[in-house]
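We count ligands from 1, going down the list as the structure has it; atoms in each ligand are counted the same way. Both backbone and side-chain heavy atoms feed into the values below; hydrogens, waters and symmetry mates do not.
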Amino acid sequence: VQAVKAVVVASNRGPLSFGLDDQGRPVATGSGGGLAGTLHPLLAGSGATWVAASMNEADRLASEQGLMTEEGLRIITLEPDERIYRQAYDVVSNAALWFCHHHLFDLSRRPRFDHRWAEAWGSYRELNEMFAEAIAQEAAPEAVVLVQDYHLALTGRMLADRRPDLRTVHFTHTPFGDPSALRVLPSRFARELLDGMAGFGATGFHTARWEAAFRSCFSDPELTGGVRSPGPPRTFVSPLGPDPAALATEAAAEAVERARAELATTVGDRSLMLRVDRVELSKNLIRGFLAFEELLQRHPEWRERVVFLALAYASREGLAEYLSYRSEMEHVVDRINEAWGTGSWTPIVLDVADNRDRSVAALRRYDVLLVNPVRDGMNLVAKEGPLINERDGVLVLSREAGAVDELASVSTVVNPFDLVETADAMHSALAMDAAVRAQRAAALRERVAARTAADWLDDQIAQAQPPS
Ligand code: G6P
């Protein structure tokens, strides 16, 4: 805690998020994104400064009414103009950079970078400037500045120009797009992005794969022509994990116990296959359900004997791609339930309500946890589950998740595009011998607990060196 006192953290989503109640009053909702949710407990009470954006009307009202404050944390909430913010967050950060780093573009049709998109990039730049200004004003001489994620990639160069004394570090929580993915962006903006990141003293990633992708972008002249720095900045790898003690406390809460009891009624004595995600294209929910259907087709012994519970809370519904993904997903689930369900058994139970207590209860109860993203920076569910699961559950993990670099030898690894392989992995996980399960679950727990969130924060602070 002492060590982080002189630290300034910057992220798009701040530690406190708000929604509106029936009467239009702001009420705290907890922090949606995994990144803010993980950083918050680490910095609580530390005296650190946290610069973040007000993301919607509820946040704005909360700021106005003085609710964006917390004892022991200096929270600075920026209030960008609504239009600037929508363009920076929805159009550039979520619909372009997120898609680029997760390789999600459906290239036969999208993206289409027209003049309106170029204007949105201007808003993204403006939002980054707003952050850089605030940091430059607030940071003490030679302070450590930890900037999080793709929303703020340009602030590195901006801070190097404004405050060369600062010790700036950037951390990317997503994968980083391969050069071929970055080449989809208009070259001038791809260059600005890389130049912005090259302005940081150091920049970190969850795995060596994302670090390598970032570095290789600097070998592509199309992406780096005009970049001021001749090569990539200093890079480092530091995987993030949950805080085991905090998670154990959360799992033992009264509300989680209640949710656990409710769940017992839904599942009965059947096996429980679980997934916990945002409704997010990169999470690969639809293929997960289709793989489950393959399992029911090819392994009839599991019919009526397993429930697939999908806790998938709605996310980024301002984007058309997310709305249509959600409706396709719901359609697939209905079809599978109609085709295979019986009077007493619903094969897939899909719940899109964001209920953390329920998710934690389900993580305690699962027999198989499916984490099959098409590409994912880390994936914290793959680590949270094994820490609190009480049934020696098996982790079926995508080879494209950052977490696989640490957990491959203690999980069942699948190609997320291969439905047959995923169904076979589900089958062998469900059928696994009790002694083998117990031994693997113990090894998995040990592996996950070996690195805490605090280790990750320490790594960033250690990278914050005086500018050369
Ligand atoms: C996840 C990702 C982070 C990202 C966050 C944003 O946690 O791992 O990389 O910053 O989502 O989510 P949001 O809801 O704030 O757009």
Show the numbers, then the answer: is there a salt bridge (Lys or Arg N to Asp or Glu O under 4.0 Å) between D376 and K283?
CA-CA 8 Å; D376 207 338; K283 302 294 181 187; 3.0 Å; yes

Does L35 approach ligand 1 within less than 4.0 angstrom via side chain, backbone, both or neither, non-hydrogen atoms only?
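The answer is both.
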
What do we get for Q148 next to ligand 1 when only non-hydrogen atoms under 4.0 Å count, side chain, backbone, both or neither?
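Looking at Q148 and ligand 1, no heavy atom falls under 4.0 Å.
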
So which heavy atom on Y366 is nearest to which on L274, and how close?
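Nearest pair, atom of Y366 first, then L274: CB-CB, 3.8 Å.
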
Out of Q87, E126, E192, which one pairs with W121 under the side chain to side chain donor-acceptor pair (under 3.5 Å) rule?
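Answer to the side chain to side chain donor-acceptor pair (under 3.5 Å) test with W121 among Q87, E126, E192: E192.
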
Does any N or O of ligand 1 fall below 3.5 Å from an N or O anywhere on [X], backbone included?
{"X": "W98", "value": "no"}
{"X": "N94", "value": "no"}
{"X": "N12", "value": "no"}

Which atoms of ligand 1 have any heavy atom of [X] under 4.0 Å away?
{"X": "D149", "value": "3 (C), 4 (C), 9 (O), 10 (O)"}
{"X": "Y89", "value": "13 (P), 14 (O), 15 (O), 16 (O)"}
{"X": "R13", "value": "13 (P), 14 (O), 15 (O)"}
{"X": "T174", "value": "9 (O)"}

Can you list the steps and then say if W210 with H103 is a ring-ring contact (aromatic ring centres under 6.0 Å, His included)?
CA-CA 12 Å; W210 315 145; H103 294 181; 8.3 Å; no

Does ligand 1 have an atom under 4.0 Å from some heavy atom of H151?
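Yes, H151 has heavy atoms under 4.0 Å from ligand 1.
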
What's the verdict on ring-ring contact (aromatic ring centres under 6.0 Å, His included) for F171 and H206, showing C-alpha distance, side-chain angles and the deciding distance?
CA-CA 8 Å; F171 199 91; H206 286 309; 4.9 Å; yes

Angle class for the Y150/W98 ring planes (parallel below 30°, perpendicular above 60°, tilted otherwise)?
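The arrangement is perpendicular - the two ring planes meet at more than 60°.
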
Under 30°, 30 to 60°, or over 60°: which ring-plane class applies to F105 and F113, parallel, tilted or perpendicular?
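Aromatic pair F105/F113 classed perpendicular.
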
Of the choices M378, R316, E280, M55, which has the non-hydrogen atom that lies closest to atom 12 (O) of ligand 1?
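Among M378, R316, E280, M55, the closest heavy atom to atom 12 (O) of ligand 1 comes from R316.
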
Any pair counted as side-chain hydrogen bond (donor to acceptor under 3.5 Å, both in side chains), so long as it reaches residues 406-415, sequence neighbours left out
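Found K383-E406, S409-R447, T412-R440.
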
